[in-house]
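Just so we're clear, the structure is a prediction, and the values are computed from it rather than from any experiment.
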Amino acid sequence: MTEKYAVVVIGGGAAGLSAALVLGRARHRTLVVDAGEPRNAPAAHMQGYLTRDGMPPAEFLALGREEIARYGVELVRDRVVEVTRDEDFTGVRGKAFTEAQDEDFTVSPGEDLTVSPGEDFTVVLAGGRTVRARRLVVATGLKDELPEVAGVAERFGRDVLHCPFCHGWEVRDQPFGVLASSPASVHQALMVSQWSKDVRFFLHTVAEAELSDEDLRRLAAAGVEVVPGEVAGLLVEDDRLTGVRLADGAEHARSVLFLAPRAVPQTGLLERLGAELHDTPFGAYPVVDATGLTTVPGVWAAGNAIGFAEQVVHAASGGYRAAAAIVGDLLMSDLDAAAQV
């Protein structure tokens, strides 16, 4: 028996849960498939979300799961391994759609079959479950690949950080280091100087000659010290970062290290569906409209699935926008189908 849903939301982070909340409140049968791998899991707290500033990410997600359950939204801890668009699928609409059984699509007495306009999807889960959905929300986020420097992975989210807006206030006025990954890391070094006037910019694998004259002028104006040489590892005492060690043995006392992870968008499902992507300095992301609709009819994307800088508050907003658009889209589809009967 293949279960039928109005919407399957792939991803149970802020974007996915927000979309599910709106869909549940709109009385649509919704399934959230959550692999349980939120990007902000290493962080002890999330910041900058009005009324939720300082809340642990795990607590935020737990509350979100409780809220969607109030509206009958189903959440399963699993992973989507395949999704296909059923161009010629003949299904049913409204209440009948959720009650259709198996592949013969038998429905309750008095219910009518209608022809899908090619916006139905088959979703296969790693656990073996297969479901159908009229619409999809892809909120699979991205993964951060960290520089291969000894100690970085173990300290990430604690005193090795990537976002001053997320963590700058909590570490303000401490001695900062910034680990370069490319000449573009100059921007990060300049930004973090808003939170500390003691900033050292470790060029690591970037040659000083790769920095422009404008870069050097701005770094000097911000009081950022440029430190050539490759970083070999971190110094840690009593479970706290105390410094940065260079390959030549030089040590620099630092309490905080900022860096820019390599963003790896989780776009595999979207690519298999044929969604158009566009390249950015932070990876390739789906082309979407203002509501998150991709170039594949019936498929929306939200959160870090559409961009590197979608923080929790942005992701929640994006999920809401996508869900509101889907509610309207489903309604108009049903009305148009009914008018043709």
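Residues satisfying the salt bridge (charged side-chain N to carboxylate O under 4.0 Å, His left out) test with E251, not counting sequence neighbours, are none. Here L146 pairs with V152, A153, F156, L259, P261 under the side-chain contact (heavy atoms from CB on, under 4.5 Å) rule; sequence neighbours left out. Taking the side-chain contact (heavy atoms from CB on, under 4.5 Å) definition, one finds that D239 meets it with R155, R158, sequence neighbours left out.
For the pair P147/L179, a side-chain contact is recorded, criterion being any heavy-atom separation below 4.5 Å from C-beta on. Residues S185 and F201 form a side-chain contact, since some pair of their non-hydrogen atoms from C-beta on lies under 4.5 Å apart. The side-chain heavy atoms of V123 and L136, taken from C-beta on, include a pair separated by under 4.5 Å. Contact of the F121 side chain with the V8 side chain is not registered, since no non-hydrogen atoms from C-beta on lie closer than 4.5 Å. Contact check for R129 versus V76: side-chain heavy atoms found under the 4.5 Å cut-off. Taking 4.5 Å as the limit, some side-chain heavy atom of V80 sits within range of a side-chain heavy atom of L125. Considering only heavy atoms from C-beta on, V287 stays 4.5 Å or farther from T294 through its side chain. Looking only at side-chain heavy atoms (C-beta outward), E37 and R79 come within less than 4.5 Å of each other.
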Identify every side-chain donor-acceptor pair in residues 266-284 under 3.5 Å, counting partners at least two apart or on other chains, and give the distances.
residue	atom	partner	partner atom	Å
Q266	NE2	V264	O	2.8
T267	OG1	E271	OE2	2.8
R272	NE	E82	OE2	3.3
R272	NH2	V81	O	3.3
T280	OG1	F282	N	3.0
T280	OG1	G283	N	3.3
T280	OG1	G283	O	2.7

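Side-chain polar atoms of D215 and S212 form a donor-acceptor pair below 3.5 angstrom. Between the side chains of T122 and R132, a donor-acceptor pair is found at a separation under 3.5 Å. Judged by distance alone, the side chains of T291 and D289 do bring a donor and an acceptor atom under 3.5 Å apart. Using a 3.5 Å distance cut-off with no hydrogens or angles, the side chains of Q47 and D53 do pair a donor with an acceptor.
When each of D334, D86, D329 is tested with R134 by the rule salt bridge (charged side-chain N to carboxylate O under 4.0 Å, His left out), just one qualifies, namely D334. Each of E208, E230, E210 was compared with L203 under the side chain to side chain contact (heavy atoms under 4.5 Å, CB included) criterion, and only E208 meets it.
Judged by distance alone, with hydrogens and angles left aside, the side-chain atoms of S18 form a donor-acceptor pair with the main-chain N or O of A316 at under 3.5 Å. Between the side chain of S193 and the backbone N or O of L190, at least one donor-acceptor pair lies under 3.5 Å.
The local environment of CZ in R65 is crowded, with over 12 non-hydrogen atoms from other residues, nucleotides or ligands closer than 6.0 Å. Enclosure of atom NZ in K197 by more than 12 non-hydrogen atoms of other residues, nucleotides or ligands within 6.0 angstrom is indicated. Counting non-hydrogen atoms of neighbouring residues, nucleotides and ligands closer than 6.0 angstrom, the CZ atom of R27 reaches no more than 12 such neighbours. More than 12 non-hydrogen atoms from other residues, nucleotides or ligands lie less than 6.0 angstrom from CZ of R200. When the shell of 6.0 Å around CZ of R77 is examined, it contains more than 12 heavy atoms from other residues, nucleotides or ligands.
Grouping Ile, Leu, Val, Met, Phe, Trp and Tyr by side-chain contacts under 4.5 Å, direct or through others, puts Y49 with V7, V9, L17, L21, L23, V32, M46, M55, F60, L61, L63, I68, Y71, V73, L75, V137, L293, W300, V312, V313, I326, V327, L330. Other members of the cluster containing V22 are Y320, with ILVMFWY side chains joined at under 4.5 Å, either directly or via other members.
Each of V199 and L241 belongs to its own hydrophobic cluster when Ile, Leu, Val, Met, Phe, Trp and Tyr are linked at side-chain heavy-atom distances under 4.5 angstrom. L257 and L161 fall into different hydrophobic clusters, where Ile, Leu, Val, Met, Phe, Trp and Tyr side chains are chained together by heavy-atom contacts under 4.5 Å. L142 and I306 end up in different hydrophobic clusters when Ile, Leu, Val, Met, Phe, Trp and Tyr side chains are linked at under 4.5 Å. Using a 4.5 Å cut-off between side-chain heavy atoms of Ile, Leu, Val, Met, Phe, Trp and Tyr, with links allowed through other members, V224 and V186 fall into the same hydrophobic cluster. If you chain together hydrophobic residues whose side chains sit under 4.5 Å apart, V131 and V138 fall into the same group.
Here CZ of R25 is found 10.5 Å from CZ of R70. Values are rounded to the nearest 0.5 Å. Going from atom CG of L211 over to atom CG of L216 covers 5.0 Å, rounded to the nearest 0.5 Å.
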Stepwise side chain to side chain contact (heavy atoms under 4.5 Å, CB included) check, Y5 with E3: CA-CA 7 Å; Y5 292 88; E3 297 171 275; 3.4 Å; yes
Does the side chain to side chain contact (heavy atoms under 4.5 Å, CB included) test come out yes or no for Q311 and N304, once each step is laid out? CA-CA 8 Å; Q311 299 191 35; N304 282 134; over 6 Å; no
Please lay out, stage by stage, how E225 and V227 fare under the test side chain to side chain contact (heavy atoms under 4.5 Å, CB included). CA-CA 6 Å; E225 179 183 349; V227 181; 4.2 Å; yes
Side chain to side chain contact (heavy atoms under 4.5 Å, CB included), that's the test. Do S182 and R262 meet it? Break it down for me. CA-CA 11 Å; S182 75; R262 176 177 174 267; over 6 Å; no
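Ring pair F165/W195: centre-to-centre distance below 6.0 Å. Less than 6.0 angstrom separates the ring centroid of F202 from the ring centroid of H252.
Checked for salt-bridge contact, E145 and R39 miss the test: no charged N lies under 4.0 Å from a carboxylate O. In this structure, D120 does not pair ionically with R85, as no charged nitrogen and carboxylate oxygen lie closer than 4.0 Å.
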